[in-house]
Amino acid sequence: MTTGWLGPGDEVDRYLTGAGLQVVHGSIRERERRGRTLSDVVGSVDAIVAGTEHIGREVFEAAPRLRVIGRTGVGHDNVDVVAATAHGVAVCPTPGVNRQSVAEHTMGLLLGLARGIPQNVASVRAGRWEQPSGRELAGATLGVVGLGAIGRLVAGLAQAFGMRVVAHDPAIDRAYAAEHDIGVRELPRLLNQSDFVSLHLFLSPETRHLLDANALALMKPGAFVINTARGGIVDEDALAEALASGRLGGAAMDTVETEPLPPDSPLRSFDNVLVTAHIGAATEESRARSGLMAARSVLTVLRGGLAEHTVNPEYAKLRNRARPHGAARR
């Protein structure tokens with residue numbers, strides 16, 4: 001159990017131990033304090049309930065008994081799925097559990113950018129009493145890039161504030177968009193029309209640096225970027241240049257390319273940039289749902305079944321060959 005917010009005696013721990021499993025907890029920070037990597041501690045495990053740490057080929061090679069990874073989150077780009085499949089390991093994220101939390105955090109960042117709330121709080125704490133003008137959301141256009149479960153919730157919340165919503169998604173459901181008064185746009189036109197652009201995509205070779213210098217140049221002067229999806233979708237060097245030039249009004253990032261944000265990141269130098277520590281899904285409710293769903297996936301696979309949200313169901317074809325002695329402990 002490597003997810004830092006899960007611990008001995010909690011609901012997930014009780015669920016797994018009640019099913020007869022032995023649970024060992026060890027977060028990334030605990031391993032770092034001891035100078036150990038994940039590969040150092042997985043030699044005898046049958047399953048991992050994991051957070052956002054990188055799980056690469058070296059982990060699978062060090063874990064001959066491993067059969068399943070339950071990922072407490074919707075994404076799985078931190079897991080080498082090709083290596084997992086080759087080693088007969090199921091990869092099971094927890095889609096849907098954090099959609100409300102991330103959507104609400106997105107709106108919080110959007111409001112923070114529009115009104116300069118964090119900056120004004122800091123100003124008051126410093127003894128000043130400044131009253132700069134912000135932006136109203138009503139009447140502004142929000143461009144949602146990625147109209148999946150989270151993007152749809154963000155669109156609905158934005159409309160409740162009186163915003164006009166347009167969206168881009170290569171696999172967009174046009175019927176849904178029409179029914180919910182969401183304009184469908186190709187990405188260049190969306191960027192050109194939007195006062196705020198919010199990203200809700202998986203990170204893939206196709207989406208890496210989707211917002212690069214050329215894309216950012218298409219945005220309206222004074223527009224804002226919000227990324228609560230994955231670091232890497234935005235080219236941060238290009239974003240810094242667009243901010244330094246004054247073309248963009250600001251940016252809010254819950255996910256960045258390197259986490260934690262490096263001390264020398266240019267994003268730290270802008271007053272109109274808000275960076276949160278990947279907390280979009282960090283609510284008590286979301287974490288409870290995520291931990292239990294990951295635990296259920298683990299138990300399903302260890303009992304010989306196929307978990308509902310397995311991203312590599314073909315792993316089973318290779319499991320016996322890759323794990324001739326990988327029977328789970330009972």
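Between R65 and D46 a salt bridge is recorded (basic side-chain N to carboxylate O distance below 4.0 Å). For R174 and D169, the salt-bridge test fails: no basic side-chain N is under 4.0 Å from an acidic carboxylate O. In this structure, R164 does not pair ionically with D181, as no charged nitrogen and carboxylate oxygen lie closer than 4.0 Å.
Not one N or O on the side chain of T3 forms a donor-acceptor pair closer than 3.5 Å with the backbone of W5. Judged purely by atom type and a 3.5 angstrom limit, R289 uses its side chain to pair as donor or acceptor with the backbone of V97. Using a distance-only test at 3.5 Å, with no hydrogens or angles considered, a donor-acceptor pair links the side chain of D254 to the main chain of G280. Looking at N312, its side chain does come within 3.5 Å of a backbone N or O of V91 through a donor-acceptor pair. Between the side chain of Q193 and the main chain of L191, no donor-acceptor pair closer than 3.5 Å is present. Not one N or O on the side chain of S123 forms a donor-acceptor pair closer than 3.5 Å with the backbone of Q119. Without hydrogens or angle criteria, T276 side chain to I279 main chain gives no donor-acceptor distance under 3.5 Å. Judged purely by atom type and a 3.5 angstrom limit, E136 has no side-chain atom pairing as donor or acceptor with the backbone of A114. Between the side chain of N227 and the backbone N or O of M253, no donor-acceptor pair lies under 3.5 Å. No donor-acceptor pair closer than 3.5 Å links the side chain of R287 to the backbone N or O of T72.
The side-chain contact (heavy atoms from CB on, under 4.5 Å) with V68 is formed by just one residue from the set I48, V301, T300; it is V301.
Closest approach of V144 and L147 over heavy atoms only: CG1-CD1, 4.2 Å. Heavy atoms only, all atoms of each residue included: A84 and F60 are closest at CB-CZ, 3.4 Å. Of all the heavy atoms in L274 and G112, the pair that sits closest is CD1-C, 4.0 Å. Closest approach of S245 and A242 over heavy atoms only: OG-O, 2.9 Å. Residue S194 comes nearest to V197 through the heavy atom pair CB-CG2, 3.7 Å, listed as atom of the first residue, atom of the second, then distance. Of all the heavy atoms in A215 and L210, the pair that sits closest is CB-O, 3.6 Å.
Counting non-hydrogen atoms of other residues, nucleotides and ligands closer than 6.0 Å to CD of E314 gives a total above 12. Residue E11 qualifies as open at atom CD: its count of foreign heavy atoms under 6.0 Å is 12 or below. Heavy atoms of other residues, nucleotides or ligands lying less than 6.0 angstrom from CG of D212 number more than 12. Within a 6.0 Å radius of CZ in F161, no more than 12 heavy atoms belonging to other residues, nucleotides or ligands are found. The environment of E284 atom CD is sparse: at most 12 non-hydrogen atoms of other residues, nucleotides or ligands sit within 6.0 angstrom.
Between I69 and V89, some side-chain heavy-atom pair lies under the 4.5 Å cut-off. With a 4.5 Å cut-off on side-chain heavy atoms, N272 and L243 count as touching. Between V121 and R125, the closest side-chain pair of non-hydrogen atoms falls below 4.5 Å. Residues C92 and V298 have side chains not in contact (no heavy-atom distance under 4.5 Å, counting atoms from C-beta outward). The side-chain heavy atoms of Q100 and I150, taken from C-beta on, include no pair separated by under 4.5 Å. Looking only at side-chain heavy atoms (C-beta outward), V12 and V49 stay at 4.5 Å or farther from each other. You'll find the side chain of R208 reaches within 4.5 Å of the side chain of E257, heavy atoms only. Counting heavy atoms from C-beta on, the side chains of M219 and N192 never come closer than 4.5 Å.
Remark: the T94 side chain and the S290 side chain contain an N/O donor-acceptor pair separated by less than 3.5 Å. Between the side chains of H54 and D80, no donor N or O sits under 3.5 Å from an acceptor N or O. Looking only at atom types and distance, the side chain of R71 has a donor-acceptor partner in the side chain of N78 under 3.5 Å away.
L201 and V79 are not part of a single hydrophobic cluster, where members link through side-chain heavy atoms under 4.5 Å apart. Hydrophobic clustering (side-chain heavy atoms under 4.5 Å, transitive across Ile, Leu, Val, Met, Phe, Trp, Tyr) groups V145 together with V234.
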### Message
As a quick check of understanding, evaluate side chain to side chain donor-acceptor pair (under 3.5 Å) for E285 and S101, giving each step before the final call.
### Response
CA-CA 8 Å; E285 296 84 356; S101 301; 5.6 Å; no
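Both cation-pi conditions hold for R152 and Y176: the charged atom is under 6.0 angstrom from the six-membered ring centre and inside a 45 degree cone around its axis.
Between F196 and F224, the angle of the ring planes stays under 30°, which puts this pair in the parallel group of the 30/60° scheme.
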